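Below you'll find the structure, written out as structure tokens, and then a few comments.
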Amino acid sequence: MKVSIQAVAVWGKIAPSHSITAIMITDDQQTIVTGSQEGQICLWDLSPELKISPKEILFGHAASVTCLAKAREFEKQPYVVSATENGEMCVWNVTSGQCIENAKLPYRHTAICYYHCSFRMTGEGWLLCCGEYQDVLIIDARTLSILHTLSSSESSDWINCMCIVHSARIQEDSLVAVSVTGVLKVWDLSSSLNSIQERQSVCEKESKPLDCVSCQAVRFCTYTERLLLIVSSTCWQVYDYCDFSLLCTEFSKSGQFFAGGEVLAAYRLIIWTEDGHSYIYQLLNSRLSKSMYPTEGKVLKETVCPHLLCFTGVKENKSFPFVMGFVNERKEPFYKVLFSGEASGRLNLWHVPDVPVSTYDGSPKEIPITATWALQDSFDQHCSMPEGIIDHLCASNDGIASAVVSSSVYISSLDKLVCGCEDGKIFVTLGLKTAVARLLENISLKDYLLYKVLNGHSSRVTSLLYPHDESVRFDPSWLLSGGQDSVVICWDIFTGSILHRFSLQSGPVTQLLRSPESYRLKDHSIVCCVCSDHSVAILHLQKRVCLLHARKHLFPVKKIKFDPVENLLIVGCEDDSVYIWEIETGTLERHETGETAKAILTSIEDSEYLVADALLPVSQDSKRNKSTGYKHSSSYKHGMVSGSSTHREKSSDKIPVAMQAVLLAEVQRTMNTLRKMAICREPLGVVENGSVSVLKHDKSSNSANFQDVEDTPDRCVLDESENLDDTKPHPWISKVCSCKLC
């Protein structure tokens with residue numbers, strides 16, 4: 001039986017980075033959902049008075065979020081879907097913060113539209129997706145599996161933008177899209193339902209080249225069922241939807257680029273730019289009659305003249321780029337809301353009046369910002385917020401924070417918390433003492449906590465590994481760190497000295513993995529390093545040499561397996577290709593694709609292997625996921641901000657936490673046991689007058705047979721009546737079982 005472990009994230013006085021790359025407001029207009037470059041999803045409460053406050057941070061993505069969309073009929077199921085640059089997709093319940101479903105596909109989506117016709121379709125509906133691939137994908141909204149493709153009979157290309165057109169007059173649905181080359185395409189969804197379900201080819205009903213490139217948005221006017229708005233970076237245009245004839249064109253001003261737009265009313269539009277400005281236009285000629293005398297080149301004469309009514313105000317010193325959207329709520333309080341998200345993590349809201357009017361002299365009227373908020377504002381608002389666990393460790397002499405935590409690991413057998421920072425420093429401190437000081441006793445860490453600093457990386461520390469906790473065949477003094485500088489350092493965790501530096505001269509190190517138990521080479525001190533350029537290095541810690549650096553992989557590494565008999569390294573990539581390397585000579589023995597590669601990867605599924613992609617399951621349709629339909633999302637809570645992450649299927653697949661937090665559930669769960677055990681710990685260095693003094697440690701006093709608590713496959717259910725500790729738990733700490741089984 002799988003039992004969830006509730007983890008607690010302790011935030012300092014500085015909010016986590018949240019560079020907004022996607023934004024939406026739910027249909028009930030009570031929640032703002034933002035996706036970030038860091039891969040986080042943030043949920044914000046939106047009050048009826050248009051006040052903003054952060055509610056939860058959801059962790060589950062390993063790459064930047066590219067788009068957000070609703071994933072169900074929101075009144076029945078409050079679900080949204082998120083997609084990232086590396087093909088990950090997650091369906092979230094915005095009420096509970098749980099991840100309902102997740103998958104990873106070899107496609108990068110840039111836009112998603114939810115479609116469900118209740119009286120014609122069964123199931124939960126479709127996710128119509130477009131991006132950096134041909135035409136439009138149809139994905140099942142429940143399972144996130146690919147159902148079909150809307151293909152093109154001519155001019156097949158990537159789709160830049162799309163929208164679903166619903167005609168209430170004839171009760172027909174269509175998908176209107178514009179390709180990167182400016183070709184407008186229309187697929188008939190209503191008449192294609194049976195063909196899609198039967199996997200028959202579905203091509204566009206109409207196709208027409210447009211006089212625009214770099215299209216940013218396409219929108220249908222449901223009020224007239226006649227207008228079609230198309231926004232490109234340099235201009236916006238209005239077409240007659242009946243025959244796609246051009247009615248008007250408005251070019252951007254010098255230095256501005258349009259980023260999107262919406263239809264406000266029958267003949268009223270709102271257009272926004274990349275720098276956060278927006279403009280409301282009134283189409284003066286409501287008859288929309290075309291000229292009977294086309295000019296040379298067979299371009300229809302413009303008969304609709306847009307008039308600028310209003311524009312929205314923005315603050316100076318703004319950060320770029322902006323991500324904007326618009327929602328027109330037809331339920332009480334009937335708000336028309338324009339919203340934007342900045343790269344700095346700030347949200348802005350404008351309440352657009354129902355009838356925008358110009359000033360008395362006819363000049364455009366400015367609409368001021370109604371509300372603006374950022375995560376840091378909430379942190380600054382709560383003055384009683386405690387100091388973060390390592391805030392003072394990362395602070396400079398003048399008290400200004402100079403670095404933030406980018407990776408961390410808790411070594412339960414030594415009770416040491418290791419934190420790697422953005423500036424390349426690594427801090428080692430006592431985990432349990434830190435937890436007691438900060439969360440239970442609330443005393444000053446600066447005067448109480450002992451720590452030492454490891455200096456060796458020139459830039460951000462991206463990964464940490466203590467291999468002895470995972471296997472006793474590794475020396476208990478070894479601590480490994482990988483950095484953005486493409487360097488792997490082997491440290492003596494007791495003395496803080498550098499044992500060896502592996503300079504890979506490759507991309508940033510993304511993950512460090514120990515070799516499996518079945519691979520035994522001499523003294524067995526083998527670890528595997530994965531880099532961002534898709535290369536894989538095998539490091540021999542005892543000999544302090546790099547045995548192999550495999551560099552020819554064209555796609556991200558998905559699976560790694562050692563063949564101890566033939567001394568081979570088998571690397572599986574995301575495109576389902578397989579590379580087989582001879583470790584001793586460093587040569588590429590085979591490169592397989594297609595069915596042969598699939599057969600090799602299938603054989604890996606049934607044996608011990610390493611997963612290089614650690615944040616999400618390798619494949620949605622893998623055998624492990626099919627046999628266990630278990631989905632869970634744990635929460636990290638502090639005040640008004642909390643976070644959730646997708647559940648791990650295997651206990652050995654560990655989630656690297658790149659944030660200013662420590663997994664205190666693991667710390668608290670072992671607190672009672674460690675208090676009763678006589679554990680010989682090294683006295684850590686004390687910082688005095690800017691220098692670190694480190695006391696010597698007797699390595700022989702350390703046990704060589706510790707096991708990380710995270711490797712325990714089964715845990716018992718917590719009895720609420722169990723006495724966890726003599727000390728009354730802090731209200732922010734969740735109860736965690738402390739029995740011998742755990």
Side-chain angles (χ1 to χ4, degrees), residues 5 7 10 389-390 393 405 407-421 425-439 445 448-456 461 463-482 489-499 512 514 525 527 541 651-652 654 656-657 661-687 692-712 736 738 742:
I5 295 297
V10 178
I389 284 183
I390 66 164
L393 306 185
V405 175
S407 60
S408 65
V409 62
Y410 174 64
I411 305 173
S412 60
S413 59
L414 302 178
D415 181 35
K416 291 188 178 181
L417 174 65
V418 184
C419 298
C421 296
K425 295 181 180 179
I426 299 175
F427 294 91
V428 182
T429 185
L430 294 175
L432 296 181
K433 197 170 184 180
T434 301
V436 172
R438 175 46 49 216
L439 297 177
L445 290 174
Y448 178 76
L449 189 61
L450 305 179
Y451 66 93
K452 60 185 174 185
V453 184
L454 310 182
N455 290 295
V461 180
S463 56
L464 293 166
L465 176 67
Y466 182 67
H468 179 74
D469 255 4
E470 301 182 5
S471 176
V472 295
R473 54 194 171 91
F474 290 93
D475 193 303
S477 67
W478 289 344
L479 171 70
L480 297 179
S481 64
I489 299 179
C490 182
W491 306 84
D492 187 321
I493 193 172
F494 302 123
T495 66
S497 60
I498 297 179
L499 300 178
L512 293 169
R514 65 172 178 83
S525 56
V527 296
L541 300 184
S651 61
S652 62
K654 297 183 178 178
V657 182
V662 59
L663 300 181
L664 293 172
E666 297 290 349
V667 176
Q668 191 188 16
R669 184 163 61 83
T670 57
M671 189 176 296
N672 284 341
T673 306
L674 290 177
R675 283 175 177 171
K676 297 176 182 179
M677 293 173 57
I679 297 181
C680 182
R681 302 192 187 96
E682 171 207 3
L684 296 175
V686 182
V687 178
V692 181
S693 59
V694 183
L695 301 179
K696 292 184 179 180
H697 179 80
D698 183 7
K699 298 179 187 178
S700 62
S701 62
N702 287 277
S703 172
N705 194 24
F706 283 98
Q707 183 181 7
D708 194 323
V709 294
E710 291 184 347
D711 288 337
T712 304
V736 186
S738 60
C742 291

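Please read all numbers here as calculations on a predicted model, not as lab measurements.
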* **Worked check of side-chain contact (heavy atoms from CB on, under 4.5 Å) between F494 and L414** => CA-CA 10 Å; F494 302 123; L414 302 178; 3.9 Å; yes
* Structure fact -> Smallest heavy-atom separation, K452 atom then T495 atom, equals NZ-N, 3.9 Å
* **Distance-minimising heavy-atom pair for I489 and I498** => CG2-CG2, 3.7 Å
* **Backbone N/O of D469 and side chain of S413: donor-acceptor pair under 3.5 Å** => no
* To do: Locate the shortest heavy-atom distance separating G431 from Y410; write the atom from each residue and the value.
  => CA-CE1, 3.9 Å
* Evaluation steps, side-chain contact (heavy atoms from CB on, under 4.5 Å), between Y466 and V418 -> CA-CA 10 Å; Y466 182 67; V418 184; over 6 Å; no
* To do: Could you walk me through whether I493 and I411 pass the side-chain contact (heavy atoms from CB on, under 4.5 Å) test, one step at a time?
  => CA-CA 11 Å; I493 193 172; I411 305 173; 3.3 Å; yes
* **Side chains of D475 and H468 in contact at under 4.5 Å (non-hydrogen atoms)** => no
* How many angstroms lie between atom CG of L454 and atom SG of C419, to the nearest 0.5 angstrom? -> 11.0 Å
* To do: Determine, step by step, whether V428 and W491 satisfy the side-chain contact (heavy atoms from CB on, under 4.5 Å) criterion, reporting the C-alpha distance in whole Å, the side-chain angles of both residues, the deciding distance to 0.1 Å, and the verdict.
  => CA-CA 12 Å; V428 182; W491 306 84; over 6 Å; no
* What distance separates S525 OG from L541 CG, expressed to the nearest 0.5 Å? -> 5.0 Å
* Shortest non-hydrogen contact from P467 to L465? -> CD-O, 3.4 Å
* Structure fact -> Note: S463 and S407 closest approach over all heavy atoms is N-OG, 4.0 Å
* To do: Compare all side-chain heavy atoms of L464 with those of I426 and state whether any distance is below 4.5 angstrom.
  => yes
